[in-house]
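Hydrogens, waters and symmetry mates are skipped; everything else that's a heavy atom, side chains included, is used. In what follows, chains carry the letters A, B, and so on, assigned in the order in which the sequence lines appear, proteins first and then strands, with residues in each chain numbered from 1. As the structure is a prediction and not an experimental result, all values here were calculated from the model.
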There are 2 protein chains.
Amino acid sequence: MPYTSPAKINTEQYSPSFITHFENRKNITVYSKARPKVRNILKYHPNQIIAFENDPINYLYEIMAGTVKTYKILNDGRRQITGFYTKGDVIGLPVDGRYFHTIEAITEASICCHSKIQMKRLMDSDPDFTLKIIKSAHDRLRDAHEQMISLGRKTPDERIAAFLLKCQKWATLQIATQNSIISLPMSRMDIADYTGLRQETVCRIFSKFKRAKLITLLRSDQLILNNHRQLLKLANLSEDNSETIPQYH
Amino acid sequence: MPYTSPAKINTEQYSPSFITHFENRKNITVYSKARPKVRNILKYHPNQIIAFENDPINYLYEIMAGTVKTYKILNDGRRQITGFYTKGDVIGLPVDGRYFHTIEAITEASICCHSKIQMKRLMDSDPDFTLKIIKSAHDRLRDAHEQMISLGRKTPDERIAAFLLKCQKWATLQIATQNSIISLPMSRMDIADYTGLRQETVCRIFSKFKRAKLITLLRSDQLILNNHRQLLKLANLSEDNSETIPQYH
DNA sequence: CGCCTGCTTGATGACAATCAAGTTTAGTGG
DNA sequence: CCACTAAACTTGATTGTCATCAAGCAGGCG
């Protein structure tokens, strides 16, 4: 499948062979239950931009494979990453308006683009589907608020601990086998821009955690969590956020 | 109308005499268009808690009057205020789940409680209504992401400038007359917990802005913005977020 | 009037940002 | 296959800024 230029979108037509398992968090295709005849699946490079901040919203993006980030940038270049997204995640809502963040691929990514109009048609016909969209928005909002307390009130150590646990959650959702090796597709800079720190600080905390035997760094982008319990304690996660509440990532 | 204890909810029946003007941002009642026969309007004290974090979601709260805040708390007492809400704002989504923040009244507040079931019934019958809910979620998500870049990447001065402009927006939406006096119903501590600072720092920046003639402090909870343009520049707001994009607060 | 709470200002110190210098890794071409 | 280059990552030294601790100040209410 050819790569797509960021400016121009080539559409390829697919009739998907899979059925939604919305509740099955291991293998998710949120918006596929209604099985539209035609879907557009695109492939993106690392660092390729999928949509720009302030672009009119035309599509909902459903990640089929790979990792994607969303961010906002200030005029002097300061950047805040607002989220990382992996297989099964959906970015956007079928409303009239503009994207409030830029969407960019981190790894090679396959992304299913659902047109806004298509979405709205589906909503009209299927109230269940509509509920799923609202549930999705609710989950995104929960994530955003969790990140707000991280950025506003948590120490650098706590933020990194929370980030690592989030990575673990992504990993276990991506790979069916309970592999303890966690891969970090994003750069140190990305982690810094997500946690509101500098990359040097992120590095130092990684090293500190390594010295404390909390983690093992196999490579700069592969690690193992040795002491899940203590990380959880350190992360100061609000209640059951990480475990009990069902989410689809 | 009697005040309500936080534990037990007294319901009063109202047949509302007003019709929605969803697009009219000055006088908004988002969820009233369908005119349910019976609605529950409650009054809350300052500091009275409307719902606790992790409570099951039973209601959507629509603010009719007053100011309300939502926040999350860590086990050692650190607090992050995730939003302030005024007349016309809606808190919550009709999903199965739990509130991810505590909702508390700042001033005396009249709040219309829409039961989740009622909401879902309305959604089934009125696709327009459903779109409004999704639009509402989208706006909340935009606010949250705007706050994320504030907390993660903006300087204290920029955060306070942005906060003041937000207050002005609330003020102009609340009061029809374009009064230049802005009232701050929330305490310095609240502002600190919203902007990720300490109350002393908030004070110092207020004083600094006062010395720079950017603002005039009439009382500790009343001020005037003297140099809107410079505040806007200082706040580093991402593009048109403050002006052009229609929002309902 | 006096207390209490919330706000303001001052002095000091901790800690993450900054600046800078290595080190490792991945990618390229001979 | 190895040498070379560039980018990403890591570690060190120093500084600036905001949190902290502490002391006044002002307004509201009994």
Side-chain angles (χ1 to χ4, degrees), chain A residues 45-47 67 69 74 76-81 106-108 150-161 163-164 167 183-212 215-223 234, chain B residues 45-47 67 69 74 76-81 106-108 150-161 163-164 167 183-212 215-223 234:
Chain A
H45 306 284
N47 304 321
T67 305
K69 64 190 171 194
L74 298 175
D76 60 358
R78 279 176 286 171
R79 188 180 67 151
Q80 178 66 43
I81 292 186
I106 292 177
T107 63
E108 291 183 10
S150 258
L151 293 168
R153 286 289 174 240
K154 286 189 185 175
T155 66
D157 286 8
E158 290 168 336
R159 296 184 211 178
I160 295 296
F163 170 77
L164 290 175
C167 285
S183 73
L184 306 177
M186 67 292 285
S187 68
R188 293 288 184 270
M189 188 70 105
D190 281 346
I191 299 173
D193 282 344
Y194 181 64
T195 53
L197 305 168
R198 304 269 105 163
Q199 58 170 344
E200 295 95 326
T201 307
V202 172
C203 267
R204 280 184 239 276
I205 295 173
F206 271 52
S207 300
K208 195 205 288 186
F209 283 5
K210 201 170 94 180
R211 279 196 302 276
I215 62 173
T216 305
L217 269 173
L218 304 177
R219 291 186 346 209
S220 72
D221 64 342
Q222 283 193 350
L223 54 80
L234 183 56
Chain B
H45 305 285
N47 305 320
T67 306
K69 65 190 171 193
L74 298 176
D76 60 358
R78 278 175 288 171
R79 188 179 69 151
Q80 178 66 44
I81 291 185
I106 292 177
T107 63
E108 292 183 12
S150 258
L151 293 169
R153 286 288 175 242
K154 285 189 185 174
T155 66
D157 286 8
E158 290 168 335
R159 297 184 211 178
I160 295 297
F163 170 76
L164 290 175
C167 284
S183 73
L184 306 177
M186 66 292 285
S187 68
R188 293 291 185 268
M189 187 71 104
D190 281 345
I191 299 173
D193 282 345
Y194 180 65
T195 53
L197 304 168
R198 303 271 109 166
Q199 58 170 343
E200 295 95 326
T201 307
V202 173
C203 267
R204 278 183 241 275
I205 295 173
F206 271 51
S207 300
K208 195 205 289 187
F209 283 5
K210 201 171 93 181
R211 278 196 303 276
I215 62 173
T216 304
L217 269 172
L218 303 176
R219 292 187 343 209
S220 71
D221 64 343
Q222 283 192 350
L223 53 80
L234 184 57

5'-most by nearest nucleotide on DNA chain D - A:Ser207 or A:Arg153: A:Ser207
Residue A:Gln199, side-chain atoms from C-beta onward, closest of D:dC9, C:dA20, D:dA22: D:dC9
Value in whole Å for how far the P atom of D:dT20 lies from CG of B:Leu197: 12 Å
Option among A:Leu151, A:Asp193, A:Thr195 that satisfies the side chain to side chain contact (heavy atoms under 4.5 Å, CB included) test with A:Gln80: A:Leu151
Sugar-phosphate only, base, or nothing, as touched by A:Arg204 at under 4.0 Å among non-hydrogen atoms: base
Straight-line distance of B:Leu197 CG to B:Ile191 CD1, nearest 0.5 Å: 10.5 Å
Nearest-0.5 Å distance, CZ of residue A:Phe209 to CG of residue A:Leu234: 5.0 Å
Listed nucleotide nearest any side-chain atom of B:Glu200, set D:dA22, C:dC7, D:dC9: D:dA22
Whole-Å distance separating the CZ atom of B:Arg219 from the C1' atom of D:dA26: 13 Å
Nearest listed nucleotide, side chain of B:Arg198, among C:dT8, C:dA17, D:dA19: D:dA19
Whole angstrom value for the distance that separates P of D:dC18 from CD1 of B:Ile205: 7 Å
Nearest-angstrom distance from the residue atom NZ of B:Lys208 to C1' of D:dC18: 11 Å
Comparing A:Leu218 and A:Thr201 on DNA chain C - which has the more 5′ nearest nucleotide: A:Thr201
From C:dA16, C:dT9, D:dT10, nucleotide with atom closest to B:Cys203 side chain: C:dT9
Rounded interatomic separation in angstrom, taking CD1 from A:Ile191 and P from D:dC9: 8 Å
Separation of atom CG in A:Asn47 from atom P in D:dA8, rounded to whole Å: 9 Å
Interatomic distance where CE belongs to B:Met189 and C1' belongs to C:dT8 [whole Å]: 14 Å
Check: A:Thr155 main-chain N/O paired with A:Glu158 side-chain donor or acceptor under 3.5 Å: yes
Rounded interatomic separation in angstrom, taking CG from B:Asp221 and C1' from D:dG27: 11 Å
Worked verdict on A:Ser187 versus A:Gln199 for side chain to side chain contact (heavy atoms under 4.5 Å, CB included): CA-CA 9 Å; A:Ser187 68; A:Gln199 58 170 344; over 6 Å; no
